[in-house]
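Below you'll find the structure, written out as structure tokens, and then a few comments.
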Amino acid sequence: MTNDMEKNLPEAELEDNIIELTDENGETTQFEYLATIEHEDKLYVALMLLEGAADENDDEGEVLILEIAKDENGEDVYVSVEDDAVSEQVFNKFLAMLDEEEDAE
């Protein structure tokens with residue numbers, strides 16, 4: 001699987017926290033929605049590859065950070081983050097959110 005994924009996000013899929021992304025080769029993979037993170041006036045989504053959905057090249061439990069962008073029709077799509085520094089900053093915000101949730105419990 002490559003990082004260049006785009007997928008419209010139907011509301012119903014969010015309710016189950018399971019979404020499917022289709023890469024440029026037409027391969028569909030299931031992910032669990034973890035969080036939406038705002039960073040520098042852009043929105044990003046944190047997803048985790050579902051168990052059993054990984055192939056030999058992917059690690060189960062890996063968190064994927066994708067930017068929420070608009071396609072030509074104004075629909076939300078997920079696109080890969082090209083800048084590793086931005087991806088890392090968003091991931092760190094995600095970890096901080098998890099820590100805050102843990103502390104609240």
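Atom CE of M48 sits about 14.5 Å away from atom CD of Q30, to the nearest 0.5 Å. Going from atom CG of L64 over to atom OG of S80 covers 8.5 Å, rounded to the nearest 0.5 Å. Expressed to the nearest 0.5 Å, how far CD1 of I37 lies from CD1 of I65 amounts to 5.0 Å. The structure places CD of E32 at 5.5 Å from CD1 of I18, a figure rounded to the nearest 0.5 Å.
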List the atom pairs, with distances to 0.1 Å, where a side-chain N or O of residues 88-98 and a protein N or O form a donor-acceptor pair under 3.5 Å, not counting sequence neighbours.
residue : atom : partner : partner atom : Å
Q89     : OE1  : H39     : NE2          : 2.9
N92     : ND2  : E88     : O            : 3.3
K93     : NZ   : E38     : O            : 3.2
K93     : NZ   : H39     : ND1          : 3.2

Requested in this report: Show the numbers, then the answer: is there a side-chain contact (heavy atoms from CB on, under 4.5 Å) between F31 and L50?
Outcome: CA-CA 5 Å; F31 293 85; L50 286 180; 5.6 Å; no
Requested in this report: Apply side-chain contact (heavy atoms from CB on, under 4.5 Å) to Y78 and I19, showing your working.
Outcome: CA-CA 11 Å; Y78 294 156; I19 62 167; 3.4 Å; yes
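D83 pairs by the side-chain contact (heavy atoms from CB on, under 4.5 Å) definition with A85, V86, not counting sequence neighbours. Contacts of N73 classified as side-chain contact (heavy atoms from CB on, under 4.5 Å), with partners at least two apart in sequence or in another chain: D71, E75.
The side-chain heavy atoms of L49 and T29, taken from C-beta on, include a pair separated by under 4.5 Å. Contact of the I68 side chain with the Y44 side chain is not registered, since no non-hydrogen atoms from C-beta on lie closer than 4.5 Å. Residues L34 and V63 form a side-chain contact, since some pair of their non-hydrogen atoms from C-beta on lies under 4.5 Å apart. By the 4.5 Å heavy-atom criterion applied to side chains, L66 and V81 are not counted as neighbours.
Of the possible polar contacts, one joining the D23 side chain to the N25 backbone as a donor-acceptor pair under 3.5 Å is found.
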